[in-house]
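Written below as structure tokens is the structure these notes are about.
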2 protein chains.
Amino acid sequence: MRAEQQEQTRRRIVGAALELHRTVGPAASSFSAVADRAGVQRSTLYRHFPDDRALFLACSGQHLDEHPFPDPASVVSETGPEARAALGLGSLYRYWEEHETLVANVLRDGETDPVLHEVNELRMGAPIAAMRDLLVDAWPVAARTPRLRAMVALALDFRTWQTLVRRSGMATGDAAALMSATLARTAIDAEADAAA
Amino acid sequence: MRAEQQEQTRRRIVGAALELHRTVGPAASSFSAVADRAGVQRSTLYRHFPDDRALFLACSGQHLDEHPFPDPASVVSETGPEARAALGLGSLYRYWEEHETLVANVLRDGETDPVLHEVNELRMGAPIAAMRDLLVDAWPVAARTPRLRAMVALALDFRTWQTLVRRSGMATGDAAALMSATLARTAIDAEADAAA
DNA sequence: CTTTCAGTGAACGGGGATGTTCGACGAAAG
DNA sequence: CTTTCGTCGAACATCCCCGTTCACTGAAAG
């Protein structure tokens, strides 16, 4: 097949780009550098991916194909709020740990590059928002205060995991347990405040 | 005076650099851009600051002169652990809010640039570590578990404030109150676990 | 066997940053 | 009044990246 080899080349390019994104980050992955690492001419790269956006979308797409983001829906089996939080945070934190360098680079450079920022929102924004809602909704209505929502959002954030694990040396599992317990405490406070 | 005008030029340069650090961040503040904005020849800039490190140190020094970091020692007046946490987090969060863009840019680019990272540690690492210890030590020994230390470190982190305020829309004061209460809850859990 | 076409290799002009060097100017210091 | 010296303005060579173009080769498709 003709198209097969074309697809082959495309995969080599995306693979090379992902490697660079993991090591130096998207911002430092110039088209020249990607072409070099893929063993391909720059002109070839431009034919497959006319701009950054096309390349970013291909890379994030392939990465998520091979390493699916934790499915928010999987937490609905747990109905107890703290247990659901523990389950959700556990799977998310494991994902953060497994793909730390890539996520860290992509978030860092996304603060600067608007196109990358947009792709990040597209790829990670939706699932995390869904997870946030599912965790919050496990608590009784009275507990679902802005405070609780904020703590859930904080708990889900990549930087929170990174701070707990990399700066304080916690194990990823302990970090998830700590934040689940914290959410439970916050919910109790929230409900008490609502009653008063 | 001869030296006065020399000092004048130096200040113009540092001011211009700080402006750029606030707007686009240190990484995007090339020597050319700084010289342009300062209205100074590049050669002049190089005479005052031979390398990035010299310029970074001058900038951070001047900024901290004009906007001193919250003094960790000021929290010792409060002996109650939660009150001390509220005081410390309150002053720190106010600092984060007032200098958000500069801090955000400097932390982001520090992830990439080793020299900048070093300067960041030098300028912010020490005071934050001191604050962390003072907050932790307000609790009884039994409560000072790794968990509590980790939560204190998380509470002090710039990203935590940013997540609570910018992503969840909390007021800075509410964020400080929320995290103080959270620390208190964590300490209770920690002490209970230690007793068991 | 010929056509098609993805990929090659090389080059183009343009942009920006780097670090250094030089002569000339002009005002303060002696 | 003359020396000193910080600053200017300009130029240098070097490096990296950008987006595009073009003649070419070789193998799959017809």
Side-chain angles (χ1 to χ4, degrees), chain A residues 1-21 23-59 62 105-106 108-110 112-116 119, chain B residues 1-21 23-59 62 105-106 108-110 112-116 119:
Chain A
M1 275 281 195
R2 194 71 163 253
E4 264 177 27
Q5 308 213 330
Q6 204 178 155
E7 193 55 27
Q8 196 74 8
T9 302
R10 187 191 175 85
R11 290 193 150 272
R12 278 231 316 287
I13 293 175
V14 173
L18 269 174
E19 245 178 272
L20 284 172
H21 290 180
T23 50
V24 296
S29 305
S30 63
F31 268 50
S32 302
V34 172
D36 266 6
R37 173 161 296 221
V40 150
Q41 290 297 322
R42 255 177 343 119
S43 43
T44 303
L45 205 172
Y46 278 112
R47 192 170 313 119
H48 283 271
F49 305 99
D51 34 56
D52 314 74
R53 159 173 279 111
L55 185 53
F56 289 156
L57 283 173
C59 286
Q62 172 163 327
N105 287 340
V106 149
R108 162 171 45 75
D109 294 346
T112 296
D113 182 336
V115 173
L116 183 56
V119 174
Chain B
M1 273 281 195
R2 197 69 164 254
E4 264 177 25
Q5 308 212 332
Q6 202 178 156
E7 193 56 28
Q8 196 73 8
T9 303
R10 187 190 175 86
R11 290 195 150 271
R12 278 232 315 286
I13 293 174
V14 174
L18 269 174
E19 243 178 273
L20 284 171
H21 290 180
T23 50
V24 296
S29 306
S30 63
F31 267 50
S32 302
V34 172
D36 266 7
R37 173 161 296 221
V40 151
Q41 289 298 321
R42 267 190 319 129
S43 44
T44 302
L45 205 173
Y46 278 113
R47 191 170 314 115
H48 283 271
F49 306 99
D51 35 55
D52 313 75
R53 159 174 279 111
L55 185 52
F56 289 156
L57 284 173
C59 286
Q62 172 162 329
N105 287 340
V106 148
R108 161 170 48 75
D109 294 346
T112 296
D113 182 336
V115 173
L116 182 57
V119 174

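Not measured: the values here are computed from a predicted model. Every chain is numbered from 1 and lettered A, B, ... according to where its sequence line falls, protein lines coming before strand lines.
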Derivation of the side chain to side chain contact (heavy atoms under 4.5 Å, CB included) call for A:Phe49 and A:Val34: CA-CA 11 Å; A:Phe49 305 99; A:Val34 172; over 6 Å; no
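- At a non-hydrogen distance threshold of 4.0 Å, B:Arg42, B:Ser43, B:Tyr46 from residues 42-52 of chain B come into contact with DNA chain C.
- Judged by distance alone, with hydrogens and angles left aside, the side-chain atoms of B:Thr112 form no donor-acceptor pair with the main-chain N or O of B:Arg108 at under 3.5 Å.
- Between B:Pro26 and B:His21, the shortest heavy-atom distance links the atoms CA-CD2, 3.5 Å.
- Shown here for A:Arg10 and A:His48, the closest heavy-atom pair between the two residues is CB-ND1, 3.9 Å.
- For residues 26-40 of chain A, proximity to DNA chain D is found at A:Ser30, A:Phe31, A:Ser32, defined as any non-hydrogen atom under 4.0 angstrom from a strand atom.
- Contact between B:Phe31 and B:Asp52 at its shortest, heavy atoms only, is CZ-N, 4.1 Å.
- Rounded to whole Å, the distance from CD on B:Gln6 to P on D:dC8 is 12 Å.
- Taking atom CD on A:Gln5 and atom P on D:dA29, their separation rounds to 8 Å, with Å as the unit.
- Between C:dG9 and A:Gln41, a contact under 4.0 Å exists linking OP1 or OP2 to a side-chain N or O.
- In this structure, CD of A:Glu7 is placed 17 Å from C1' of D:dA28, rounded to the nearest angstrom.
- A pairwise comparison of heavy atoms in B:Val106 and B:Leu116 identifies O-CD2, 3.8 Å as the closest pair.
- A:Asp113 and A:Phe56 get closest at one heavy-atom pair: OD2-CE1, 3.8 Å.
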Which atom pairs, donor and acceptor, lie under 3.5 Å between side-chain atoms of residues 35-43 of chain B and protein residues at least two apart or in another chain?
from, atom 1, to, atom 2, distance (Å)
B:Arg37, NH1, B:Glu19, OE2, 2.7

